[in-house]
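The shown structure was predicted, so the numbers you read here are calculated from the model rather than taken from an experiment. One is the number of the first residue; the rest follow in order along the sequence.
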Amino acid sequence: ENRDLDLGIRYAEELIELSTKLGNKLYQYRGYLQKGNKLATKGEPDAAMQAYVKSAALAKMVGNVKGQGTALGAIGDSYANARNFPNAMLYYYKAIDVLRTTGDSVLLATIISNAGDAFLQQKKFDSALHYFSESGQVFEKADYPTGKAYNMGNLGMVYANTGQKELAEKNINEAIRILEEMGDYSPICISLISMADIYAEKGDRDIAYSYALRSLSLSEQYKLKDQVSEASLKLSVLSEKIGDKDAALGYYKKHIAFRD
């Protein structure tokens with residue numbers, strides 16, 4: 001349930017309740033992992049972290065190595081989203097070490113890609129590119145569309161930050177196309193903001209504004225709090241640059257409300 005996060009959370013809680021009654025720790029692990037994923041996407045990081053910690057502990061209890069690696073990676077994601085990068089990298093490295101002992105190359109590549117994103121957020125572009133290159137090769141070899149789309153979006157953001165605008169635009173547009181087909185809207189909203197940044201730097205504020213507005217519309221439609229906050233901030237900055245101070249203030253207030 002990516003299109004109705006509240007319903008997804010209810011399914012996860014039902015799974016947790018039933019598996020707890022049955023004493024089935026494997027499905028408890030899965031329930032907490034799914035609950036954490038939906039809470040994280042919805043923009044409730046503290047609750048998501050609690051679910052991930054329980055998930056990791058349960059996976060370790062039942063000897064599910066892939067599950068443990070997945071949950072550790074999710075904890076890393078939570079720290080990265082909170083911009084606590086030392087802890088994020090600590091958990092990413094743990095997850096990568098665990099997952100290198102399994103045969104699940106796609107899962108390993110996903111965590112490697114997420115670690116690359118943490119480097120990207122820290123503006124360590126060489127490290128980010130190294131991690132994205134490794135994960136991208138695995139996704140391509142496995143013909144895994146989700147991974148390829150995320151990776152293209154991430155590469156696009158590296159290129160955007162290093163002045164390679166055409167490569168950035170090509171990668172991000174292709175990522176958006178694939179993700180729209182899959183109905184995966186959270187990364188689309190993030191990629192649309194990246195496109196807004198690219199066009200703003202080119203001086204084409206109208207197109208930049210349209211990308212940011214599209215990101216806000218999608219994030220509101222699918223109740224993605226973090227993305228509503230980011231899109232509102234971008235629209236505030238763009239509105240101020242074109243002299244629309246009332247709109248800039250309104251969007252900034254929305255950014256603060258959703259950020260908090």
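The two residues N151 and G136 come nearest to each other via the heavy atoms ND2-CA, 3.2 Å. A88 and G76 get closest at one heavy-atom pair: CB-O, 3.5 Å. Summarising the geometry of G153 relative to I172, their closest heavy-atom pair is O-CG1, 4.0 Å, with the distance given to 0.1 Å. Closest of all the heavy-atom pairs between I111 and A95 is CG2-CB, 3.9 Å. The heavy-atom pair separating L238 from A200 by the smallest distance is CD2-CB, 4.1 Å. Scanning both residues, A168 and G156, for their nearest heavy atoms gives CB-O, 3.2 Å.
No donor-acceptor pair under 3.5 Å is formed between the side chain of S236 and the backbone N or O of S232. The backbone N or O of A51 lies less than 3.5 Å from no partner atom in the side chain of S55, so there is not a single donor-acceptor pair.
Enclosure of atom NZ in K225 by more than 12 non-hydrogen atoms of other residues, nucleotides or ligands within 6.0 angstrom is indicated. The neighbour count for Y11 OH, taken as heavy atoms of other residues, nucleotides or ligands under 6.0 Å away, does not exceed 12. Open room surrounds NZ on K223; 12 or fewer heavy atoms of other groups in view lie less than 6.0 Å from it. In the displayed structure, D126 atom CG is contacted under 6.0 Å by at most 12 heavy atoms of other residues, nucleotides or ligands. Surrounding CD of E180 are more than 12 heavy atoms belonging to other residues, nucleotides or ligands, all under 6.0 Å away. In the displayed structure, E166 atom CD is contacted under 6.0 Å by at most 12 heavy atoms of other residues, nucleotides or ligands.
Cluster annotation: Y185 is connected to I176 through the hydrophobic network of ILVMFWY side chains, with a link wherever side-chain heavy atoms come within less than 4.5 Å. Under a hydrophobic clustering in which Ile, Leu, Val, Met, Phe, Trp and Tyr are joined whenever their side-chain heavy atoms come within less than 4.5 Å, directly or via other members, F85 and L120 fall into different clusters. At a threshold of 4.5 Å between side-chain heavy atoms, the hydrophobic network of Ile, Leu, Val, Met, Phe, Trp and Tyr places L39 and Y91 in two separate groups. Clustering ILVMFWY residues whenever any of their side-chain heavy atoms sit less than 4.5 angstrom apart, transitively, puts M49 in the very cluster that holds Y32. Two different hydrophobic clusters hold I188 and I178 under the rule that ILVMFWY side chains link at heavy-atom gaps under 4.5 Å.
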Quiz item: When you look at E13 and K35, which way does the side chain to side chain contact (heavy atoms under 4.5 Å, CB included) test go after all the steps?
Solution: CA-CA 7 Å; E13 288 174 341; K35 183 178 180 180; 3.4 Å; yes
Practice problem: Take I207 and M195, measure what side chain to side chain contact (heavy atoms under 4.5 Å, CB included) needs, and give me the verdict at the end. | Solution: CA-CA 9 Å; I207 295 179; M195 292 298 290; over 6 Å; no
Practice problem: Could you check R30 against Y27 for side chain to side chain donor-acceptor pair (under 3.5 Å), going step by step and ending with a plain yes or no? | Solution: CA-CA 5 Å; R30 290 175 175 170; Y27 278 89; 3.1 Å; yes
Quiz item: Passes side chain to side chain contact (heavy atoms under 4.5 Å, CB included), K148 versus Y144? Steps please.
Solution: CA-CA 6 Å; K148 287 195 284 187; Y144 183 57; 5.6 Å; no
Quiz item: Is there a side chain to side chain donor-acceptor pair (under 3.5 Å) between Y199 and E169 once you walk through the steps?
Solution: CA-CA 9 Å; Y199 279 103; E169 201 169 327; 2.4 Å; yes
Self-check item: Working for side chain to side chain contact (heavy atoms under 4.5 Å, CB included), residues I190 and M157
Solution: CA-CA 10 Å; I190 295 168; M157 285 186 265; 4.1 Å; yes
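Interatomic distance, S217 OG to L192 CG, rounded to the nearest 0.5 Å: 10.0 Å. Residue Q50 holds its CD atom at 11.0 Å from CD of E44, rounded to the nearest 0.5 Å.
Checked against side chain to side chain donor-acceptor pair (under 3.5 Å), R205 has no partners two or more places apart in sequence or in another chain. Listed by chain and residue number, E201 satisfy the side chain to side chain donor-acceptor pair (under 3.5 Å) test with K165 (two or more places apart in sequence, or in another chain). Not counting sequence neighbours, K38 has no partner by the salt bridge (charged side-chain N to carboxylate O under 4.0 Å, His left out) test. With sequence neighbours excluded, the residues forming a side-chain contact (heavy atoms from CB on, under 4.5 Å) with R100 are I96, L108, I112, E134, listed by chain and number. Every residue was checked against the salt bridge (charged side-chain N to carboxylate O under 4.0 Å, His left out) condition with D226, not counting sequence neighbours, and none meets it. With sequence neighbours excluded, no residue satisfies side chain to side chain donor-acceptor pair (under 3.5 Å) with E240. Residues passing the side-chain contact (heavy atoms from CB on, under 4.5 Å) test with T102 are V65, K66, L99, D104, sequence neighbours excluded. Residues meeting the ring pair (Phe, Tyr, Trp, His ring centres under 6.0 Å) test with Y209, sequence neighbours left out: none. With sequence neighbours left out, the side-chain contact (heavy atoms from CB on, under 4.5 Å) criterion links A231 to I193, S215, L216. Judged as a salt bridge (charged side-chain N to carboxylate O under 4.0 Å, His left out), and not counting sequence neighbours, K94 has no contacts. With sequence neighbours excluded, the residues that form a side chain to side chain donor-acceptor pair (under 3.5 Å) with N37 are Y52.
One finds a salt bridge joining E17 and K21 here, because a Lys/Arg side-chain nitrogen approaches an Asp/Glu carboxylate oxygen to under 4.0 Å. A salt bridge is defined here as a Lys NZ or Arg NE, NH1 or NH2 lying under 4.0 Å from an Asp or Glu carboxylate O, and E181 with R177 meets this definition.
Of the candidates Y131, F125, F132, Y131 is the only one forming a ring pair (Phe, Tyr, Trp, His ring centres under 6.0 Å) with F119.
With 3.5 Å as the limit, one finds no donor-acceptor pair spanning the side chains of Q28 and S19. Judged by distance alone, the side chains of Q121 and D117 do bring a donor and an acceptor atom under 3.5 Å apart.
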Identify all side-chain donor-acceptor contacts of residues 249-260 below 3.5 Å with residues at least two apart in sequence or on another chain.
| residue | atom | partner | partner atom | Å |
| --- | --- | --- | --- | --- |
| K254 | NZ | E220 | OE2 | 2.5 |
| H255 | ND1 | S229 | O | 3.1 |
| H255 | ND1 | S229 | OG | 2.9 |

